[in-house]
Amino acid sequence: MLSGLTVAEDANGADRAASESSSREKNGQSPSHDVFVGFAIDRRDISSGKSSSLNFDGRPIQKFHYGDYTVEPGHQYEYSVRRMIKAPSRSRYSFFSRPKYAAVGSPLVVTVTTEDPSTSKHGVYFNRGTAGSQAYAEKFGEFRKWHRVNKYGTPHWTSTINPLTIPDPAKKKEACAWLSRGLEEALLEFISQAKDSSWQLRVTAYEFTHKEVIHAFAAAIERGVDVKIIHHVKGSHRPKTRYNDVVKDEDGKVVKEWVPDKTTSDTQRAIDAVGFQSLDHARIWHHDTFIERHTSSIMHNKFIILLRDGKPVELWTGSTNFTESAFYGQSNVGHIVRDEDVAQQYLAYWNKLALDPPGRSKRHSGSSHDEDAVPMDEINQQLQPDPAGVQSHDTMTVFFSPRKTSDLLDWYADRMGDAADSVHFTAAFGVSQPLAHVLNQDGKPSPSHAVGVRRSPRIARRIKTDDKLLRYILLDSQPSEHSSEKSRASAEKKGRGNEYCDYFDFKKLKSNRIAYGAVLSGRKKEVEDVAPSSEHSEVLTGLSTFVDFVHT
């Protein structure tokens, strides 16, 4: 939770300061010139009456936009903002002494009410994830472990603080709670709302290994809740081996067996590890709870629909997989939507997904269903056709993937291009071409602008001619120049070299502010076989294997 304040200098304060300065001159004192150095901000919790200063150690806040990240949800606060000036010093050694500051003038008072995500229509939860990696190292640095790794052919030392391996149970719990920042707790609370047999939970899961979440679903079954979970199941057929020898049939042909991918095998082990006091509940868990999704490349969904007496009432969605990495490693978001219409749309999608149809129009021979089953890209177009133009600000529109065409990406590019003041954009897995072309506009059309005009004519009318628009772009990691060159070369072979656009194009624009995940002093090339030592260097949890930083 945060509250934002935009503050301005108070005219009354300026008059009073000038009066005080004039008075000092009349009394023979040296004028202070009343140098404006920042703001004094006091906060009062209206419900409890508790007041506190937000100025660290009495020093001025030197910002015109200030975020208070220490507020509580569902509270009302009163902020008092005053100018701060450098107070005059009477010491002849004032040059060497710490400067004194004074708040002057009448306060500007602002009242802010923070949202309560546990009761409002939208409950949004962000974990702390890697955003606080240096603070994490300072709080739990005593549990740091160094590892020698050879990633991408470059040997280096790296350190991690895995909260799950902290030997002290109290510290382990504290570290997990600090990293989760309410995200895990909110999900467990959402599941616990299903109290008895009148409730149902309909779930989709890509990665499904987090013990607390899995046990929460198992506990729901023990309460009589009807739980159904669609999960990713993929693998490949490989030569069967026995005692390191390839197995062949009577005709000498190699016998192949189906081998699950890592996501599938990890999920199955986590499911099998759950125990029940009742055999009936154990049978329900293993035979009536899980629905395998085979026929798409990956089933990347992660949402939960809460129903009562068969009627959908709430939805949990967002970017958070059901893994330790998602809660304690990479940055993620969980979003509760307390809206029956939206929950109903997700339920309609879930019901189609449970039939395990092909993902796209191309038929999948591995499907256990009719070859003529309607694929999900056609189903999704039926459930929610591509929108046209700007949506009303007071509506919620639901989209599901895959789609039959990329027109929806063009629609997103149009909306990004409509921005008048700012764009705030996260991209964990790269930036698609329609969006990249919008990000590459800054008053002058780029050589690759033509494709944007052709794909979406309205982009031609959105080229900015001033510097008022700022775009903030958050990436998981710094894009690879080598990968960019390969993609550009591929586009050139197809005759689209002038149309290709990526990070290395739009990063040059001053209207784009780009950040990506990285650590300070976290790595060191191995010149000598000695690990670097930095007490407060940034550190990760080591729980993530593919996406280290930003998964939203």
Side-chain angles (χ1 to χ4, degrees), residues 1-2 67-74 114-118 120 122-141 143 160-166 171-192 203 205-217 300-304 315-337 424-429 472 474-477 515-519 522 538-552:
M1 302 295 297
L2 66 87
D68 181 5
Y69 294 90
T70 61
V71 295
E72 296 293 331
T114 58
E115 293 183 351
D116 186 349
S118 65
S120 55
H122 294 277
V124 181
Y125 299 85
F126 290 93
N127 67 339
R128 188 170 271 110
T130 57
S133 55
Q134 188 167 7
Y136 181 56
E138 293 175 358
K139 289 179 68 68
F140 304 100
F143 305 108
T160 62
I161 303 175
N162 187 335
L164 304 180
T165 62
I166 293 177
K171 280 291 187 179
K172 174 181 177 179
K173 183 177 180 180
E174 180 187 354
C176 288
W178 190 87
L179 290 165
S180 171
R181 193 174 168 266
L183 178 61
E184 177 188 22
E185 295 81 354
L187 175 56
L188 297 177
E189 177 64 26
F190 183 88
I191 297 171
S192 71
V203 187
Y206 172 52
E207 296 177 307
F208 192 68
T209 58
H210 189 53
K211 291 181 180 179
E212 285 75 10
V213 172
I214 293 174
H215 288 161
F217 286 122
H300 203 235
N301 292 301
K302 61 275 288 181
F303 63 80
I304 307 170
L315 168 73
W316 171 281
T317 186
S319 66
T320 310
N321 286 304
F322 304 134
T323 65
E324 283 81 5
S325 170
F327 292 107
Y328 313 137
Q330 62 207 195
S331 295
N332 276 294
V333 60
H335 184 181
I336 297 175
V337 183
H424 304 261
F425 176 50
T426 64
F429 302 103
Y472 298 91
L474 181 60
L475 308 176
D476 172 60
S477 59
Y516 50 79
V519 294
E538 296 179 344
V539 64
L540 304 181
T541 62
L543 294 170
S544 304
T545 55
F546 181 56
V547 177
D548 282 329
F549 298 97
V550 180
H551 191 251
T552 55

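Just so you know, these numbers use all the heavy atoms, side chains as well, and skip hydrogens, waters and symmetry mates. Worth saying up front: this structure is predicted, and the values here are computed from it rather than measured.
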When every non-hydrogen atom of Ser325 is compared with those of Leu543, the smallest separation belongs to CB-O, 3.6 Å

Sub-3.5 Å donor-acceptor pair from the side chain of Glu185 to the main-chain atoms of Gly182, do we have one? yes

Under a 4.5 Å cut-off applied to non-hydrogen side-chain atoms, are Trp316 and Val203 in contact? no

For the student: nearest non-hydrogen atoms of Ala216 and Leu188, plus distance: CB-CD2, 3.9 Å

Spacing of Ile304 atom CD1 and Leu315 atom CG [to the nearest 0.5 Å]: 9.0 Å

Minimum-distance pair of heavy atoms, taken over all atoms of Leu164 and Cys176: CD2-SG, 4.0 Å

Reported CG-to-CZ distance for the pair Leu183 and Phe126, which is rounded to 0.5 angstrom: 10.0 Å

Does any non-hydrogen side-chain atom of Leu475 lie less than 4.5 Å from one of Phe425? no

Do Asp476 and Tyr516 come within less than 4.5 Å of each other through their side chains, counting heavy atoms only? no

Under 3.5 Å, side chain of Thr114 to main-chain N/O of Gly74, donor-acceptor pair present? yes

Nearest heavy atoms of Ser120 and Pro117, plus distance in Å: OG-CA, 3.8 Å

Hey, does the side chain of Asn332 reach the backbone of Ala326 with a donor-acceptor pair shorter than 3.5 angstrom? yes

In short, Lys211 meets Glu324 closest at the heavy-atom pair N-OE2, 3.8 Å

side-chain contact (heavy atoms from CB on, under 4.5 Å) with Lys173: which residues, sequence neighbours excluded? none

Are any of the side-chain heavy atoms of Thr541 and Ile161 separated by less than 4.5 Å? no

Pair Phe322 and His210, ring centroids less than 6.0 Å apart: no

Is there a side-chain contact between Val539 and Val519 in this structure, where contact means two heavy atoms from C-beta onward sitting under 4.5 Å apart? no

List for me each residue that meets side-chain contact (heavy atoms from CB on, under 4.5 Å) alongside Ala175, sequence neighbours excluded, and say none if there are none. Tyr136, Phe140, Pro163, Ile166

Distance in Å, His335 NE2 paired with His122 NE2, rounded so as to fall on 0.5 Å steps: 5.0 Å

Closest non-hydrogen atom pair, Leu179 against Tyr328: CD1-O, 3.5 Å

Just by distance, do the side chain of Thr426 and the backbone of Thr552 share a donor-acceptor pair under 3.5 Å? yes

Taking the side chain from Ser319 and the backbone from Val333, do they hold a donor-acceptor pair closer than 3.5 Å? yes

Side-chain contact, heavy-atom cut-off 4.5 Å: Lys302 with Glu207? no

Asn321-Thr323 side chain donor-acceptor pair, cut-off 3.5 Å: no

Between Gln330 and Val547 (side chain of the first, backbone of the second, donor and acceptor by atom type, cut-off under 3.5 Å), is there such a pair? yes

Could you state the interatomic distance from OG (Ser118) to OH (Tyr125), rounded to the nearest 0.5 Å? 5.5 Å

Side-chain donor or acceptor of Ser544 paired with backbone N/O of Phe546 under 3.5 Å: no

Residues which pass side chain to side chain donor-acceptor pair (under 3.5 Å) with Asn162, listed by chain and number, not counting sequence neighbours: none

Is a side-chain donor or acceptor of Ser180 paired with a backbone partner of Asn127 at a separation under 3.5 angstrom? no

